[in-house]
2 protein chains.
Amino acid sequence: MTSTAVPPQTLTRLPVYARVLDDLVRRGVVTASSVELAAAAGVESAQLRRDLSHLGSYGKRGVGYDVAELRAQLRGALGVGRRRGVVVVGVGNLGRAVASYAGLVPRGFEVVALVDVDPQVVGTTVAGVEVGDLADLPRLVAEREVSLAVLTVPGAAAQDALDAVAASGVRSVLSFAPRALTVPDGVALRSVDVAAELQILSYYLPPV
Amino acid sequence: MTSTAVPPQTLTRLPVYARVLDDLVRRGVVTASSVELAAAAGVESAQLRRDLSHLGSYGKRGVGYDVAELRAQLRGALGVGRRRGVVVVGVGNLGRAVASYAGLVPRGFEVVALVDVDPQVVGTTVAGVEVGDLADLPRLVAEREVSLAVLTVPGAAAQDALDAVAASGVRSVLSFAPRALTVPDGVALRSVDVAAELQILSYYLPPV
DNA sequence: GCATGTGAAACAGTTCACAGCG
DNA sequence: CGCTGTGAACTGTTTCACATGC
C-alpha cells in the first residue's frame with residue numbers, strides 16, 4: 001500500500017520503530033529483517049511488516065530492510081528533521097521537568113517558550129528560557145514559530161489553556177491534565193494522565 | 001454481564017468515568033443517565049453503557065445510574081480506597097515532579113519511597129521522603145508496602161531498573177523511559193514516552 | 001414512558017500463511 | 001532460498017437498535 005492515512009494504532013508504534021532504527025544506525029547495522037526489527041521493538045514481525053506497508057515502505061525480499069533508508073522514511077513521516085518549536089504551558093514541577101527533558105532535542109523538539117499565569121513565576125528563567133505570561137501566548141507562538149504545546153497546568157485550568165493555545169494558532173497539543181477536554185476544531189490532542197495510568201495498573205493488583 | 005475480565009480498552013476509560021463521577025458527587029448530583037455521563041467523559045453513550053456492563057454494574061431503567069453507587073463500584077474495580085504505596089525510581093527532574101504531584105493523593109496513591117543510584121542524590125529529601133539507594137529497593141518495598149513503581153530513569157538504565165523493581169516484588173510498573181522493555185513474568189507494565197507522543201502529534205502537522 | 005443492557009451488525013486491528021520477488 | 005508484502009481468517013471493539021423492566 002502507498003501512503004494513505006496511517007491507522008491510529010500503527011501511528012503509535014512508528015516512534016518505537018524509529019527509536020530502534022536509531023539504535024541500529026548507531027551500531028553500524030546496515031540491513032535488518034522484520035523479525036529482527038520486531039524483536040527489538042517488542043512486537044510481532046507480521047505486525048511490523050503490516051505497519052510499514054502503510055508507509056508505502058520498501059524492503060528487499062529475501063534480504064530485509066535497509067536500515068538507513070527505512071529510518072529516513074520513518075523520520076519523514078513523523079516530521080523528524082524539521083525543527084519543531086514547543087511551548088510549555090504551566091511552569092510547575094511537571095512543566096519544569098518537560099522543559100528540561102533532554103530526550104526532546106535529539107528528536108527535533110525545542111522548547112522555545114514557557115508561559116504561566118502566576119506573577120511569581122513569570123519572568124523567571126527555566127531551562128534557559130524566560131517564562132512569559134499566558135496573555136503573551138499569541139505573540140510568542142508567532143515570533144518563535146511554535147508548532148506544538150504541552151499543557152502542564154492544573155486540571156481546572158486545562159480547558160482554558162487548551163482554548164488559549166488553539167486561539168494562538170497551535171494545532172497539536174499534548175495534555176498532562178487529568179480532565180476530559182473539548183477539542184477545538186482542527187486541533188490534534190493527546191492526553192497523558194499519570195494518576196489514571198496508575199489506576200489502570202491498580203486494576204491488576206490483588207484486591208483489599 | 002458480570003465481572004469477568006474487563007477488556008483493555010474499556011479499562012483505560014474507567015479512570016475517566018471515575019473522575020466524572022467524582023465531579024458529580026462534589027456537585028451534589030444524585031442520578032445521571034448514560035447520555036449525561038458519556039458527554040462529560042467525551043465518549044458515546046452506547047460505549048459507556050457497554051463499558052459499565054463489563055463491571056456487572058446496575059443502573060435503573062428509565063432513570064439512569066445512581067452516582068454514589070456507580071462511583072463506589074468503579075473505585076472498587078480500580079482499587080481506589082485501598083492505600084497504594086508507590087516507589088519512584090530515578091530522582092531527576094521528572095522523578096521529582098512525580099513525587100511532588102498533588103494529583104496522586106486524592107486517588108489513593110502515596111509516594112512512600114524514592115531511590116536513585118547517584119550518591120549526590122541519595123540521602124537528600126524530596127517531597128518529604130528521603131532518597132534511598134537503588135540497592136535498598138527490596139527492603140524499602142517490603143517495609144513500606146510498595147505496590148507500584150514509577151520509572152523515571154534514563155532510557156539506558158530502564159531495563160535494569162525494571163528488573164530490579166520486579167525482583168523486589170513490585171508487580172505493577174509505569175515507565176517514562178523511551179525504550180522497549182522486556183517485561184518480567186507476572187509484571188504489568190505501562191509506558192509513557194513524551195517524545196513519542198510529540199512525534200505522533202507531529203505526524204498531523206504540515207510537512208516541510 | 002424512558003433509559004438500561006445487550007444481541008446482532010458493522011468496523012477495526014491483528015495474525016496467519018503463502019505467493020511472488022530479489 | 002529467504003523474506004517481504006498482503007489476501008484471507010480471525011479476534012477484538014464500537015455502534016446500532018430494541019426488548020426489557022423499572
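Chain letters run A, B, ... following the sequence lines, proteins first and then strands; every chain starts at 1. Please read all numbers here as calculations on a predicted model, not as lab measurements.
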5′-ward residue of the pair A:A46/A:V63 relative to DNA chain D: A:V63

Any A:I200 side-chain heavy atom under 4.5 Å of B:T12 side chain: yes

Salt-bridge contact B:R83-B:E110 (side-chain N to carboxylate O under 4.0 Å): yes

Residue-phosphate contact under 4.0 Å: A:S34 side-chain N/O, D:dT4 OP1/OP2: yes

hbond_proxy A:R49 side chain to D:dG5 base (donor-acceptor, 3.5 Å cutoff): yes

Atom pair distance, as rounded to whole Å: CG in B:D51 and P in C:dT4: 14 Å

Spacing of A:Y65 atom OH relative to D:dG2 atom P, expressed in whole Å: 18 Å

Between C1' of D:dC22 and CG of B:D66, the distance in whole Å: 14 Å

A:T10 vs A:G62, nearer the 5' end of DNA chain C by closest nucleotide: A:T10

C:dC21 OP1/OP2 closer than 4.0 Å to side-chain N/O of A:Y58: no

Side chain of A:R61 - closest among C:dC21, C:dT4, D:dT13: C:dC21

Pair A:S34-A:R49, side-chain donor/acceptor within less than 3.5 Å: yes

Value in whole Å for how far the P atom of C:dC16 lies from CD of A:E44: 7 Å

Beyond-backbone contact of A:L148 with B:L201, side-chain heavy atoms, under 4.5 angstrom: yes

Distance in angstrom units between A:Q73 CD and D:dG5 C1', rounded: 14 Å

Nearest-angstrom distance from the residue atom CD of A:E36 to C1' of D:dG2: 12 Å

Rounded interatomic separation in angstrom, taking NE2 from A:H54 and P from D:dT6: 10 Å

Side-chain-base donor-acceptor pair under 3.5 Å for A:R50 and C:dT15: yes

Sub-4.5 Å side-chain heavy-atom contact between A:Y65 and A:T31: no

A:L70 CG to D:dG5 C1', straight-line distance once rounded to whole Å: 14 Å

